[in-house]
Structures are given as structure tokens and as C-alpha cells.
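Treat the numbers as computed from the prediction; the structure is a model and nothing was measured. What you see below is based on every heavy atom in this structure, not just the backbone, and it leaves out hydrogens, waters and symmetry mates.
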Amino acid sequence: MTSFRDQAAAGIGEELADLKHSFVLRQGKLLPVNFNRLLNEGDLAQNIYLEPDDFVYVPAGTARDVYVLAR
């Protein structure tokens, strides 16, 4: 398992991603994670561990989509 913050270090930034409308879907349920607070304000309470088959949706802040899938 990897924390979302670790995955985000790979290059997700507000200039490319809409962090305010991002979410994690786990077993059909939305997890309450505020990516903006995690990445821009350093709120580690928002730093969840990703599990196999989690779906992280990060809508485009520009014209590109960014997806992070955990296995």
C-alpha cells in the first residue's frame, strides 16, 4: 500500500489537476479526502493509504486527466 501523498509526489499539482473535485472510490464508496488540504496545506490527516483496486479520480485542471490506480 502507498499513501496518496507519495503518489502525488510523482507530479500531481494544482496547475494540472482540479484537487478540489478529486476523490477516492473504494469498493463503490467515496472516501472523504480533501486533496487540496493534503497537498497545498500539508494536512496529513487527509493522507490515506491506497489499497488494491482503489480508484483515485483527479479531474483535469487543464485539458489533461490524471489517474492513479493502486494494485
Side-chain angles (χ1 to χ4, degrees):
M1 287 186 253
T2 329
S3 70
F4 181 78
R5 188 170 174 94
D6 293 341
Q7 293 289 328
I12 296 173
E14 208 163 351
E15 62 279 353
L16 295 177
D18 181 357
L19 299 176
K20 293 179 182 173
H21 295 100
S22 301
F23 60 86
V24 175
L25 190 63
R26 179 177 291 161
Q27 297 178 355
K29 296 180 183 176
L30 289 176
L31 299 183
V33 179
N34 186 323
F35 297 115
N36 187 55
R37 284 180 31 200
L38 172 64
L39 299 175
N40 293 324
E41 299 173 22
D43 181 359
L44 294 179
Q46 304 299 315
N47 192 25
I48 66 165
Y49 279 90
L50 299 176
E51 296 181 0
D53 299 320
D54 278 358
F55 179 79
V56 179
Y57 178 70
V58 181
T62 61
R64 300 173 64 178
D65 287 335
V66 178
Y67 299 95
V68 179
L69 300 175
R71 287 267 353 143

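When side chains are defined from C-beta on, Leu44 does not count as touching Gln46, because their heavy atoms never get closer than 4.5 Å. Inter-residue side-chain proximity for Leu31 and Ile48 is flagged as met; some heavy-atom pair is nearer than 4.5 Å. Using a 4.5 Å heavy-atom cutoff, the side chains of Leu50 and Val56 are in contact. Looking at Leu38 and Asn47, their side chains come closer than 4.5 Å, going by heavy atoms from C-beta outward. Counting heavy atoms from C-beta outward, Asn40 and Phe35 have side chains that stay 4.5 Å or more apart.
In this structure, the salt bridge (Lys or Arg N to Asp or Glu O under 4.0 Å) partners of Arg26, at least two apart in sequence or on a different chain, are Glu51, Asp54. Residues satisfying the side-chain contact (heavy atoms from CB on, under 4.5 Å) test with Glu41, not counting sequence neighbours, are Asn36, Arg37.
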Apply side-chain contact (heavy atoms from CB on, under 4.5 Å) to Val24 and Leu30, showing your working. CA-CA 6 Å; Val24 175; Leu30 289 176; over 6 Å; no

